[in-house]
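Each remark here refers to the structure printed beneath this line.
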Amino acid sequence: MSVPRPEIEALFSERREFAPPPELAAHANAGPDLYREAEADFEGFWAKQAASRLTWSKPWDKVLEWELPYAKWFSGGELNATYNCVDRHVENGLGSKVAYHWEGEPGDVRALTYSDLQREVNKCANALVELGVKTGDRVGIYLPMIPELPIAMLACAKLGAPHVVVFGGFSSDALEGRMIDSEAVALVTSDGAWRNGKVLDLKSAADVAVDHAPTIKNVLVVKRTGNDVAMTEGRDHWWHDTVERQSDQFDPVPVDSEHLLYLLHTSGTTAKPKGIMHTTGGYLTGVSTTHHYIFDIKPEDVYWCAADIGWVTGHSYIVYGPLANGTTSVMYEGAPMFPEPDRWWSIIEKYKVNVLYCAPTAIRAFMKQGEAWPGKHDLTSLRILGTVGEPINPEAWLWYHATIGGSRCPVVDTWWQTETGMILISPLPGVTTLRPGSATVPFPGVSAKVVDADGKEVANGTGGGYLVITRPWPAMLRGIYKDPERYVSTYWRRFPGVYFAGDGCKVDADGYFWLMGRVDDVMKVSGHRISTTEVESALVDHQAVAEAAVVGRSDPVTGEAISAFVILKSHIEPSPALATELREHVAAKIGHIARPKQLLFTPELPKTRSGKIMRRLLRDIAENRTLGDVTTLADSGIVETIRERAGAGESE
Ligand code: WTA
């Protein structure tokens with residue numbers, strides 16, 4: 001693990017406070033008693049949620065079996081995730097309620113009621129069965145934000161086939177790695193995706209990946225953009241041919257509470273993404289409970305989580321949480337600023353959105369565009385605002401609160417991870433007094449603390465340390481697919497007995513948690529997790545590169561931006577053209593989100609005597625800061641050399 005960053009020293013203290021609006025507090029789903037109730041008996045609390053929010057086809061025998069670091073929740077119980085998210089709502093008379101108001105980037109719209117969703121999911125499930133998919137098989141999904149994405153996920157869950165969704169902006173290499181890791185038997189993709197008015201060709205990327213992933217026998221292709229695509233006879237099937245002709249009846253397959261619901265890969269500190277495992281009963285309990293209380297969801301609400309389903313935020317808070325709760329959601333396909341920077345605000349006005357959940361990077365990008373854009377629209381339907389993905393700076397929080405929320409709406413800053421599956425630290429909007437920049441306190445039933453390097457709890461109000469979670473929670477990851485050793489070493493070895501999140505944090509004198517960014521070699525670029533090592537391997541993969549080091553430097557819009565330091569092979573001359581080529585090479589290997597914003601050629605890299613790259617120094621250089629302590633450098637002159645000679649690079 002790298003040395004904690006200077007900001008972990010907790011120098012910042014934000015003083016402003018916002019009490020819950022009395023009217024909202026009076027009718028809130030959660031009152032202060034929820035904390036007391038959960039604290040008195042956390043297993044009982046989760047059992048009550050699981051029993052009251054979900055429909056089980058077989059009751060569980062035991063609420064929690066905890067054999068550190070492996071948890072089983074509601075063992076012996078059986079249920080079906082899709083039955084809980086769709087069918088039972090139709091049975092309960094909610095068939096004509098809208099599940100998704102979907103809007104495509106070009107402006108086309110589709111409203112899917114719970115009955116529509118049930119019918120489409122059943123047809124898709126029948127098509128998957130026809131293509132040979134069986135309960136337990138993994139199915140890859142590589143789609144843009146179109147209704148077929150949640151439909152395909154729910155179809156998988158209906159037959160108990162774990163899905164492996166890969167973000168549509170990832171490259172063919174990234175898709176290939178995830179398909180091979182999960183041994184997927186089929187892939188659902190589309191001809192293309194709309195992004196900023198242009199077509200991204202997904203099918204060609206999928207073809208390259210499928211050629212190298214021999215377990216994939218069939219590919220189901222949605223026609224979305226109408227671009228020309230090659231279809232491989234016998235392997236590729238158009239959705240409109242194969243799904244449309246299926247029966248719209250499909251009996252949900254009841255699965256064990258601990259049956260794998262999905263794998264979702266995320267970056268860690270090595271070049272190989274981890275397949276995070278989420279199972280059925282505990283996960284659904286966790287996401288539906290947090291969605292209900294944190295967003296204070298009412299039956300008539302229109303809720304919009306503006307994330308992409310390719311990330312965990314979309315899995316938990318566009319698909320499973322809101323659908324389990326029978327909520328009406330908005331789903332938008334395209335780029336936030338397309339065709340103009342008021343696209344989001346026009347969507348909020350049009351659908352009268354009550355709850356908006358998005359990332360700080362989006363808020364900062366809108367802030368840059370000025371208040372005139374939101375000012376053109378009626379945003380008074382909004383009642384609650386949420387953020388997720390990275391620390392939100394108080395300026396952005398206050399802008400969001402005032403300009404978007406009309407100073408009326410509580411902002412719930414929610415801390416969680418792909419691994420945690422559900423929100424763990426967050427305000428409750430009718431209970432918690434907010435402090436801009438703080439995710440406030442652990443959710444009822446969740447227990448977190450901050451420890452120092454020796455694992456000793458840091459007393460409130462005294463300083464920063466490492467965030468750990470000290471008791472199991474129902475949506476927690478059940479492991480890393482096919483890599484139990486990495487599961488233990490990444491999360492459970494650093495501080496024995498507790499879950500190590502990899503985030504720096506301080507707790508103030510009143511018990512509020514202030515998240516301070518990653519303490520490992522993971523960057524957060526526009527809220528997306530990208531490993532420095534993964535970008536370094538992509539660079540070294542280029543034939544001109546001898547060695548590379550990558551750091552995240554702070555950026556006013558994207559939070560962190562990628563800076564790459566590259567040593568070329570001896571016979572290669574640096575040039576701006578080569579810098580561009582290398583940046584594009586990374587985009588092609590991983591995806592456009594990983595393209596370095598800045599790339600510098602350097603003759604050497606600062607290393608410790610043991611040969612470890614000193615990223616802190618590189619970060620100082622990238623941010624043009626005064627240098628910190630360099631005494632552990634193998635060659636202390638190297639930093640000056642890098643500073644002077646780093647040239648011929650390129651910045652965006
Ligand atoms: C960061 C996203 C501060 C954190 C759901 C965590 C946050 C990582 C917040 C997980 C927040 C997420 N405040 N930091 N409210 N939410 N993070 O897996 O560093 O994409 O470890 O999950 O995002 O990112 P992931």
Side-chain angles (χ1 to χ4, degrees), residues 4-5 7-8 12 14 165 167 169-170 263-269 273-276 278 286-287 290-291 294 305-318 320-321 357-364 385-394 396-397 400 411-427 432 434-443 448 450 464 466-469 475-477 480 490-491 499-507 512-531 552 558-560 593-594:
R5 300 186 197 173
E7 60 262 43
I8 209 159
F12 189 73
E14 178 57 42
V165 176
F167 170 55
F170 272 135
L263 295 177
L264 184 62
H265 290 79
T266 191
S267 296
T269 52
K274 306 174 277 200
I276 301 299
H278 282 296
V287 296
T290 48
H291 180 256
I294 294 170
C305 168
D308 191 293
I309 293 177
W311 310 107
V312 76
T313 304
H315 280 60
S316 298
Y317 297 106
I318 299 178
Y320 291 109
Y357 188 31
C358 69
T361 185
I363 297 164
R364 289 190 297 261
L385 302 174
T387 77
V388 58
E390 52 176 319
I392 180 162
N393 44 314
W397 194 106
Y400 193 34
V411 174
V412 291
D413 173 355
T414 64
W415 178 90
W416 59 297
Q417 310 177 297
T418 304
E419 292 87 340
T420 69
M422 65 188 240
I423 297 167
L424 292 189
I425 302 179
S426 165
T432 317
L434 308 171
R435 295 185 178 176
S438 169
T440 72
V441 296
F443 188 78
V450 168
Y466 304 96
L467 177 68
V468 296
I469 313 296
M476 67 191 286
L477 77 166
I480 296 175
T490 307
Y491 307 108
Y499 172 84
F500 171 56
D503 276 31
C505 189
K506 67 166 178 166
V507 185
Y512 279 57
F513 286 65
W514 298 76
L515 278 306
M516 294 185 298
R518 302 284 313 181
V519 293
D520 54 13
D521 295 333
V522 173
M523 299 172 288
K524 268 284 179 166
V525 181
S526 297
H528 303 319
R529 261 165 87 161
I530 302 171
S531 124
T558 59
E560 281 189 279
I593 56 166

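Numbering of ligands and ligand atoms starts at 1, following listing order.
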**Asked** What are the atoms of ligand 1, with element, lying closer than 4.0 Å to any heavy atom of V388?
**Response** 5 (C)
**Any N/O pair T418/ligand 1 closer than 3.5 Å** = yes
**Asked** Does T387, backbone or side chain, put an N or O under 3.5 Å from an N or O of ligand 1?
**Response** no
**Request:** Before signing off on this row, confirm whether L515 and ligand 1 have an N or O atom pair separated by under 3.5 Å.
**Result:** no
**Prompt:** Are the side chains of I423 and F443 in touch, meaning some heavy atoms are under 4.5 Å apart?
**Reply:** no
**Message:** Would W311 count as a contact residue for ligand 1, given that I'm defining contact as a non-hydrogen atom of the residue lying under 4.0 Å from a ligand atom?
**Reply:** no
**Fill in**
Numbered in order shown, the ligand 1 atoms found under 4.0 Å of a heavy atom of T313 are 5 (C)
**Message:** Looking only at protein heavy atoms, which one is nearest to atom 24 (O) of ligand 1, and what is the separation?
**Reply:** K524 NZ, 2.8 Å
**Atom indices of ligand 1 within 4.0 angstrom of T414 heavy atoms, with elements** = 9 (C), 11 (C), 15 (N), 16 (N)
**Prompt:** Does the side chain of C358 come within less than 4.5 Å of Y400's, by heavy atoms?
**Reply:** yes
**Fill in**
I363 and I392 have their tightest heavy-atom pair at CD1-CD1, 3.9 Å
**Asked** Which pair of heavy atoms, one from L263 and one from G275, lies closest together, and at what distance?
**Response** CD2-O, 4.2 Å
**Message:** Ignoring hydrogens and geometry beyond distance, is a side-chain donor-acceptor pair present between T290 and Y317 at under 3.5 Å?
**Reply:** yes
**Asked** Which atoms from ligand 1 have a heavy atom of D413 less than 4.0 Å away?
**Response** 11 (C), 13 (N), 15 (N)
**Prompt:** Is there side-chain contact between Y499 and L477, with at least one heavy-atom pair below 4.5 Å?
**Reply:** yes
**Message:** To check your reading of the model: name the closest protein heavy atom to atom 1 (C) of ligand 1, its residue, and the distance in Å.
**Reply:** G389 O, 3.3 Å
**Prompt:** Is the closest basic N to carboxylate O distance between E419 and K274 below 4.0 Å?
**Reply:** yes
**Prompt:** At a 4.0 Å threshold, what atoms of ligand 1 neighbour a non-hydrogen atom of Q417?
**Reply:** 6 (C), 10 (C), 18 (O), 21 (O), 22 (O)
**Request:** Answer whether the closest heavy-atom distance between the side chains of L515 and L467 falls below 4.5 Å.
**Result:** yes
**Asked** What residue and atom, counting heavy atoms only, is the protein's closest point to atom 5 (C) of ligand 1, and at what distance?
**Response** W416 CE2, 3.5 Å
**Complete:** closest protein heavy atom to atom 3 (C) of ligand 1 is P391 N, 3.1 Å
**Item:** Closest non-hydrogen atom pair, C305 against T313
**Value:** SG-CG2, 3.8 Å
**Request:** Could you tell me whether some N/O pair between D503 and ligand 1 is separated by less than 3.5 angstrom?
**Result:** yes
**Message:** Quick check: T266 and ligand 1, any N/O pair under 3.5 Å apart?
**Reply:** no
**Asked** Do you know which two heavy atoms are closest between T420 and H278, and how far apart they sit?
**Response** C-CE1, 4.2 Å
